[in-house]
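Read the structure below first, then the notes.
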Amino acid sequence: MSSIEKIRVLIAEDQALIREGLATLLAQQNDDFELLAGAADGEQAIEFARRYRPDVILMDLQMPRVDGIIAIQRILREFPQTNIVVLTTFETNDLIFEAVSAGARAYLLKDARIDEIATTIRAVMNGQSRLSPGVAARILGEFKRLRRPLVTAKPSVRDDLTARENEILRLIVEGKSNTEIGEQLHLAEGTVKNYVSVILEKCQAKNRTELAIRAIT
């Protein structure tokens with residue numbers, strides 16, 4: 001794979017040992033990652049996003065000067081095509097929701113395996129969203145308990161969907177990828193991708209993670 005095709009990855013993490021370890025391990029995964037200079041805090045993450053224009057940022061949430069949530073908001077305001085993957089030890093409901101609302105495409109915990117992190121980076125580059133199993137369970141549990149509609153325009157995001165679209169939405173909520181949905185429903189991956197685009201538009205959701213949250217409220 002040429003350098004032009006590599007996924008440019010920026011790691012924003014205030015602990016140097018973790019930051020450097022992640023860079024080393026990701027570099028060993030495959031030849032499709034280009035690891036950029038690591039950011040030691042949220043302010044530096046914003047600065048490096050402007051300087052290097054990464055494809056994907058692995059973003060810690062609790063960092064000096066500017067925290068991860070603010071950094072996500074400011075980076076995506078300037079560079080909305082940037083894919084941000086939260087990688088943190090914190091999994092409180094408030095932080096999860098704030099990160100997703102700010103525009104994070106994925107939310108992983110630091111106990112995730114390096115191959116899971118690498119797979120998530122590739123997934124967000126393909127337009128997918130990912131949640132670690134524990135985080136997904138917390139979101140499902142919390143929003144089922146609260147039952148607070150996040151969308152006031154429609155009583156339910158499912159109302160305007162066809163039966164097939166609702167079936168695909170159910171699998172999205174379960175965290176299935178386009179490939180997995182296609183295999184389960186015997187559809188081509190391109191067909192699933194088209195369905196997902198239509199569902200996102202109908203539900204007025206920015207990404208799959210937001211769509212999943214809205215679907216269970």
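Since this is a predicted model, take the numbers as computed values, not measurements.
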(request) Could you go through the side-chain contact (heavy atoms from CB on, under 4.5 Å) check for Ile11 and Met59 one step at a time? (result) CA-CA 6 Å; Ile11 299 174; Met59 182 77 73; over 6 Å; no
(message) Strictly distance-based, threshold 3.5 Å: is any side-chain N or O of Arg8 a donor or acceptor partner for the main-chain N or O of Leu36?
(response) no
(message) Please report the interatomic distance CD(Gln15) to CE(Met63), rounded to the nearest 0.5 Å.
(response) 11.5 Å
(request) Give a yes-or-no answer on whether the side chains of Gln128 and Ser177 include a donor-acceptor pair shorter than 3.5 Å. (result) no
(message) Between Leu108 and Leu25, is there shared hydrophobic-cluster membership here, with clusters defined by ILVMFWY side-chain heavy atoms closer than 4.5 Å?
(response) yes
(message) Please find the pair of heavy atoms, one from Leu10 and one from Ala37, that lie closest to each other, and give the distance.
(response) CD1-O, 2.7 Å
(request) Check the hydrophobic clustering (I, L, V, M, F, W, Y; side-chain heavy atoms under 4.5 Å; chains of links allowed) and say if Leu87 and Ile114 are grouped together. (result) yes
(message) Measuring from atom CD of Glu13 to atom CD1 of Ile18, what distance do you get when rounded to the nearest 0.5 angstrom?
(response) 4.5 Å
(message) With a 3.5 Å distance limit and no angle check, can you tell me whether Asn83 reaches the backbone of Asp55 through a side-chain donor-acceptor pair?
(response) yes
(message) To check you understand the geometry: which heavy-atom pair defines the closest contact between Gly103 and Ile72, and what is its length?
(response) N-CG2, 4.3 Å
(request) Check whether any side-chain heavy atom of Ile181 lies under 4.5 Å from a side-chain heavy atom of Leu187, and answer yes or no. (result) no
(request) For the residue pair Tyr107 and Thr88, establish whether any side-chain heavy-atom pair is separated by less than 4.5 Å. (result) yes
(message) Measuring from atom CG of Leu200 to atom CD1 of Ile172, what distance do you get when rounded to the nearest 0.5 angstrom?
(response) 6.5 Å
(request) Check Phe48 against Gly38 and note the closest heavy-atom contact, atom names and distance. (result) CE1-O, 3.2 Å
(request) For the pair Arg105 (side chain) and Asn207 (backbone), establish whether a donor and an acceptor sit closer than 3.5 Å, ignoring hydrogens and angles. (result) no
(message) Are Leu109 and Thr89 packed together at the side-chain level, in the sense that at least one heavy-atom pair is separated by less than 4.5 angstrom?
(response) no
(message) When you compare the side chain of Leu61 with that of Asp67, does any pair of heavy atoms fall below 4.5 Å?
(response) no
(request) Verify, without hydrogens or angle tests, whether Thr119 (side chain) and Asp115 (backbone) share a donor-acceptor contact under 3.5 angstrom. (result) yes
(request) Would you check, one step at a time, whether the test side-chain contact (heavy atoms from CB on, under 4.5 Å) holds for Val85 with Ile117? (result) CA-CA 9 Å; Val85 175; Ile117 296 172; 5.9 Å; no
(request) Could you walk me through whether Glu165 and Leu169 pass side-chain contact (heavy atoms from CB on, under 4.5 Å), step by step? (result) CA-CA 6 Å; Glu165 289 166 352; Leu169 177 57; over 6 Å; no
(message) With a 6.0 Å cut-off (strictly less than), is the heavy-atom count around CD of Glu201, excluding the residue itself, greater than 12?
(response) no
(message) For Asp32, is there an ion pair with Lys6 - N to carboxylate O distance below 4.0 angstrom?
(response) no
(message) Could you tell me if the side chain of Ile69 sits less than 4.5 Å from the side chain of Gln73, heavy atoms only?
(response) yes
(request) Would you mind reporting whether Arg65 and Gln44 have side-chain heavy atoms less than 4.5 Å apart? (result) yes
(message) Do the side chains of Glu47 and Arg51 get close enough for a salt bridge, i.e. N-O under 4.0 angstrom?
(response) yes
(request) Work out which heavy atom in Ile57 is nearest to a heavy atom in Ala12; give both atom names and the distance. (result) CG2-CB, 4.4 Å
(request) Determine whether Val196 and Asn194 make a side-chain contact, defined as any pair of heavy atoms from C-beta on separated by less than 4.5 Å. (result) no
(request) Over all heavy atoms of both residues, which pair between Leu35 and Ala23 is shortest? Give the atoms and the distance, please. (result) CG-O, 3.9 Å
(request) State the CD-CD1 distance between Glu98 and Ile70, to the nearest 0.5 angstrom. (result) 8.5 Å
(request) Indicate yes or no for a side-chain donor-acceptor contact from Gln29 to the backbone of Leu26 under 3.5 Å, with no hydrogens or angles considered. (result) no
(request) Please lay out, stage by stage, how Glu167 and Tyr195 fare under the test side-chain contact (heavy atoms from CB on, under 4.5 Å). (result) CA-CA 11 Å; Glu167 192 172 19; Tyr195 270 117; over 6 Å; no
(request) Please tell me if the side chains of Leu171 and Leu185 come closer than 4.5 Å, counting only heavy atoms from C-beta onward. (result) yes
(request) Identify the heavy atoms of Asp41 and Pro64 that sit nearest to each other, and give their distance. (result) CB-O, 3.3 Å
(request) Measure the spacing between CG of Leu22 and OG1 of Thr24 and express it to the nearest 0.5 Å. (result) 9.0 Å
(request) Considering only NZ, NE, NH1 and NH2 on the basic side and carboxylate oxygens on the acidic side, decide whether Glu43 and Arg74 come within less than 4.0 Å. (result) yes
(request) Flag the pair Asp60 and Lys110 as a salt bridge only when some basic side-chain nitrogen lies within less than 4.0 angstrom of an acidic carboxylate oxygen. (result) yes
(request) Quick one: pull up CZ in Arg19 and CG in Leu58 and give me the separation to the nearest 0.5 Å. (result) 12.5 Å
